[in-house]
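In what follows, a structure is listed as structure tokens, so that the remarks can point back to it.
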Amino acid sequence: MGRAMTDRFDFKTADRRWQQRWDEAQCFAADSASSKPKSYVLEMFPYPSGRIHMGHVRNYTMGDVLARFRRMQGFEVLHPMGWDAFGMPAENAAMEKKVHPGTWTRENIATMRGQLKRIGFALDWSRELATCEPDYYGHEQALFLDLMDGGLVYRKESEVNWDPVDMTVLANEQVIDGKGWRSGAAVERKKLSQWFLKITDFAEELLDGLGTLDQWPDKVRLMQENWIGKSRGLQFCFRLAETTPGGQCDVDVFTTRPDTIFGASFVAISPGHPIAEAMAAERPEVAAFIAKARQGGTTAAEIETAEKLGFDTGLEVVHPLDPNWRLPVWIANFVLMDYGTGALFGVPAHDARDFEFATKYDLPVRRVVAADASGAAAPVVEVENGDGIAVNSQFLDGMCTAEAAAEVIRRAEAAGWGKGTTQYRLRDWGVSRQRYWGTPIPVIHCESCGPVGVPRDQLPVVLPEDVSFDVPGNPLDRHSSWNKVDCPACSSPARRETDTLDTFVDSSWYFIRFASQPDDKPFDRAEAEQWLPVGQYIGGVEHAILHLLYARFWTRALERIGKIGIKEPFKGLFTQGMVTHETYKSADGRWLNPVEIEVADGGRLIERATGAEIERGRIEKMSKSKKNTVDPEPILDRYGADAVRWFMLSDSPPERDLEWSEGGIEGAARFVQRVWRLAQSPAGNQGEDLALRKKMHRAIAAVGEAIEGLQFNKSVAALYELTNATEKAGPSADRDLAIKALLLLVSPGAPHLAEESWMSRGEEGMIADAAWPSHDPALLIDDEVTIAVQVNGKLRDTLTAPRGSVKDVIEAQALALPKIQAQLGGNAPKKVIVVPDRLVNIVA
RNA sequence: GCGGACGUGGCGGAACCGGUAGACGCUGGAGACUUAAAAUCUUCUGCCCAAUGGGCGUGCGGGUUCGAGUCCCGCCGUCCGCACCA
């Protein structure tokens with residue numbers, strides 16, 4: 001037969017063989033009833049966009065290494081996979097390709113499941129779920145009703161991006177340069193009545209809870225802290241000099257800088273403020289201004305970078321600390337209705353936006369903060385938003401910013417015109433989406449009863465299948481046989497809610513459903529608590545705020561209403577970097593995929609199809625628009641699962657971006673073959689090799705530590721070192737042990753290779769069931785150390801000495817070195833610093 | 001605009017708590033094996049110079065220290081998030 005198998009690792013056979021064996025043995029099915037300690041490893045579940053991309057491969061490889069490592073350490077591991085299957089792309093596909101969103105999504109899932117299986121992930125496929133199936137979203141509807149019963153759901157008006165031509169709501173992503181992506185019409189902000197979850201009730205808890213998340217990256221905790229944005233300040237009331245057409249007689253404002261109250265030169269209200277709206281009803285020019293201010297999308301970035309627009313209402317308010325001082329009331333486009341009270345007082349000298357606004361509309365700029373009292377008269381030429389000493393502020397003069405703020409709050413409270421309050425930047429979570437492909441909100445609107453929850457015995461509220469996407473807008477609105485129902489309370493004709501839930505709701509509890517999935521309820525509390533919280537959660541940084549905050553909130557909300565006994569869903573969090581690739585652009589400006597180009601002589605790049613030279617662009621995140629994606633599937637065909645997995649772990653630290661390169665995957669494939677070749681060397685040798693044994697123990701310690709800390713690139717480097725040393729060593733019993741250890745250490749990253757090698761060496765059972773090797777700490781330490789000898793901090797020589805040598809001996813040895821003598825030139829050293837077992841620094 | 005990060009050879013990166021900068025990999029050079037190629041193996045590879053030695057080096061400019069990639073202050077550049085993309 002002349003099998004070439006022993007020369008080359010045949011991944012085509014091995015990958016399939018071991019994937020099948022693991023499957024048959026149900027190796028990775030998690031047993032909730034197991035008596036072993038439990039470990040829950042979870043990667044953020046994918047959106048089924050069509051095909052697996054390199055970002056998925058990287059993410060799931062990291063989780064897989066950890067899951068397999070934990071299993072080897074003796075844990076009962078839960079490592080599940082599912083599909084975040086609702087979302088806009090399915091509706092876009094429906095419009096473009098005339099395919100039902102469900103069909104498109106389920107086909108994508110089937111494709112991607114097959115792709116994931118080829119990579120050999122240690123997943124418990126028996127727990128697979130897809131959020132677009134009624135057996136998932138029906139339970140979500142039940143939880144929504146639970147939150148309603150718990151008083152955590154309410155309705156209010158809020159603004160959406162409105163396309164006036166297509167007459168449809170647009171996602172932020174669908175607004176390009178202030179225009180609708182399909183119609184090209186200028187987008188407006190429109191008010192709509194929507195469902196909200198009371199996340200602000202949890203602002204303080206969510207903030208406090210960050211303190212308990214010591215296995216989260218600091219940057220993520222900091223970002224969440226800033227997002228919640230707790231600030232202390234003064235809320236107070238400006239009395240209007242005259243009553244408005246709407247009958248209002250005062251304006252509530254909030255400020256984090258009460259110390260600057262004497263620097264006020266105007267009051268600005270949001271275009272959505274009740275006073276503005278009341279005036280708009282009376283005065284067409286106000287209405288026109290508000291319409292203008294509402295042009296453009298709803299995103300913070302857009303609102304804050306838009307040109308500042310103001311409208312002087314002619315109204316005036318009275319300054320609370322000076323009855324003779326009146327301030328004009330403006331409507332301004334940069335004031336957000338959702339933050340604070342929707343109104344503020346402008347202090348141009350000490351706030352950047354106020355400064356810009358005042359400069360444009362020629363409003364006074366008054367200095368009320370200076371570095372010291374002598375700076376009181378200095379003009380303010382650019383905004384000064386730092387702290388300092390109060391000036392030009394009557395009784396506040398001379399106080400520092402904090403004192404002055406406290407004093408204003410004290411006086412306001414004493415006189416009753418305001419009070420010190422805590423304000424959060426966090427806003428309640430609007431969950432209504434005017435779209436078909438999402439979880440139907442289980443509510444029925446009745447003219448006499450108002451909104452009524454769908455009775456639980458009528459759940460799930462299933463999406464109708466017979467819908468069309470040939471007209472813009474939500475098909476559920478047009479589907480009268482679905483949305484016309486009787487009120488569950490009074491039986492009169494009513495209308496089903498046609499909005500669906502934000503897909504972030506779907507991803508706010510899937511980790512609980514993975515842990516426990518009974519048919520008759522969302523989860524079994526006791527079983528879920530066996531596994532939760534998730535021990536290690538892994539995913540992209542782009543989810544650092546929204547998804548992670550919503551999931552934390554949802555968990556706490558369930559805890560508050562008594563559904564579960566945990567407050568934080570994710571004990572450990574790891575945010576991995578992106579997979580990037582060079583970009584290529586032809587002379588006529590087309591982006592080209594890496595498979596469309598080839599390298600000509602001299603390293604020039606040319607387009608295969610045309611032979612024309614092309615330009616090498618910057619390294620960017622793999623994306624369809626830049627065409628710099630590398631499809632994992634052909635790579636799997638060519639190099640096998642382990643090489644791909646290994647490359648994903650090798651080059652870059654996991655939290656940083658990984659650049660896909662041909663050289664990188666080749667290097668990984670070469671390593672796979674090296675290990676295989678090493679595993680083929682005959683076993684059963686005699687004799688010791690202490691140096692190699694030490695290296696083996698060091699590698700066991702280093703690899704374990706690196707995986708524990710999710711520093712996979714370091715574990716790879718340690719394995720290369722062990723491989724190098726083992727290859728060089730002559731036959732010995734220690735070398736046989738080193739090979740065995742190498743296979744165990746390599747197995748979480750390259751499991752097919754490890755299994756095949758394990759079997760070929762005649763080892764018992766599957767390596768998937770083997771235990772992680774232990775190391776002998778005594779073998780990690782060397783008896784001799786190399787000590788650096790510096791003169792004035794510069795390395796001049798080294799010396800070797802027994803570990804733990806006394807200072808004086810080392811110092812004498814260092815001074816006796818010829819190179820050091822030469823440096824000193826006969827002079828006595830001024831000072832000598834000795835760091836035991838490390839270095840000697842001689843100050844000359 | 002606001003918030004967060006990152007920056008080390010030709011490239012990806014390593015460096016415990018402030019203590020020998022460049023582990024490990026990629027690329028490249030030289031050599032071995034081969035009829036040849038591939039594969040594999042050996043060896044070198046931060047830059048500069050008057051080269052068995054010396055100088056310079058962790059984005060830039062300062063500072064603290066016996067000693068700074070690491071700590072502090074000020075810049076520059078790049079990337080990510082901003083509430084309806086997932």
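Just so it is clear: chains get the letters A, B, ... in the order the sequence lines come, proteins before strands, and each one is counted from 1.
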Next item on the list: Give a yes or no on whether a donor-acceptor pair under 3.5 Å exists between the nucleobase atoms of C41(B), that is its base, and the side chain of Arg674(A).
Entry: no
Notebook entry, point to check: Could Arg294(A) and Glu159(A) be called an ion pair, given the rule that one side-chain N must be under 4.0 Å from one carboxylate O?
Noted result: yes
Checklist line | Nucleotide nearest Val843(A) (side chain, heavy atoms from C-beta), chosen from A86(B), C66(B), A14(B) | finding: C66(B)
Note to self: Let's test this: given Watson-Crick or G-U wobble pairing with both distances under 3.5 Å, identify the partner of G53(B).
What the structure shows: C49(B)
Notebook entry, point to check: Side chains of Leu839(A) and Gln790(A): closer than 4.5 Å at any heavy-atom pair?
Noted result: yes
Checklist line | Shortest side-chain distance from Thr299(A), nucleotide among A86(B), A14(B), A83(B) | finding: A83(B)
Item checked: Val832(A), Val791(A), Asn792(A) screened by side chain to side chain contact (heavy atoms under 4.5 Å, CB included) with Val843(A), the one that passes -> Asn792(A)
Next item on the list: Return the minimal non-hydrogen interatomic distance between Trp646(A) and Tyr720(A), and the atom names on each side.
Entry: NE1-OH, 3.6 Å
Item checked: Of the listed nucleotides A23(B), C6(B), A83(B), the one nearest the side chain of Ala717(A) -> A23(B)
Next item on the list: Check every atom of U20(B), C82(B), A14(B) against the side chain of Thr786(A) and return the nucleotide holding the closest atom.
Entry: U20(B)
Checklist line | Atom-pair distance (CZ on Arg796(A); P on G67(B)), nearest Å | finding: 14 Å
Checklist line | Proximity to the side chain of Leu426(A) - top-ranked nucleotide from G1(B), A83(B), A39(B) | finding: A83(B)
Item checked: Pair partner, C24(B) [Watson-Crick or wobble, under 3.5 Å] -> G12(B)
Checklist line | Length of the line joining Asp651(A):CG and G22(B):P, which is rounded to integer Å | finding: 20 Å
Checklist line | Nearest listed nucleotide, side chain of Val169(A), among A83(B), A23(B), C84(B) | finding: C84(B)
Note to self: Give me the distance, rounded to whole Å, that separates G62(B) from U70(B) when you measure between the P atoms they each carry.
What the structure shows: 15 Å
Note to self: Between P on G12(B) and CE on Met54(A), what's the gap in Å once rounded to a whole number?
What the structure shows: 19 Å
Note to self: Strictly by Watson-Crick or wobble contacts shorter than 3.5 Å, is anything paired with U58(B), and which nucleotide is it?
What the structure shows: none
Notebook entry, point to check: If you look at every strand shown and take non-hydrogen atoms under 4.0 Å, does Ser652(A) touch a base, only sugar-phosphate, or nothing?
Noted result: sugar-phosphate
Next item on the list: Give the rounded distance in Å between these two atoms: CD of Gln576(A) and P of A5(B).
Entry: 19 Å
Next item on the list: Using the P atom on both, measure C11(B) against C60(B) and round to a whole Å.
Entry: 14 Å
Notebook entry, point to check: Whole Å only: how far is the NZ atom of Lys219(A) from the P atom of G81(B)?
Noted result: 12 Å
Margin query: How close do Arg58(A) and Gly577(A) get, counting heavy atoms only, and between which atoms?
Written below: NH1-O, 3.0 Å
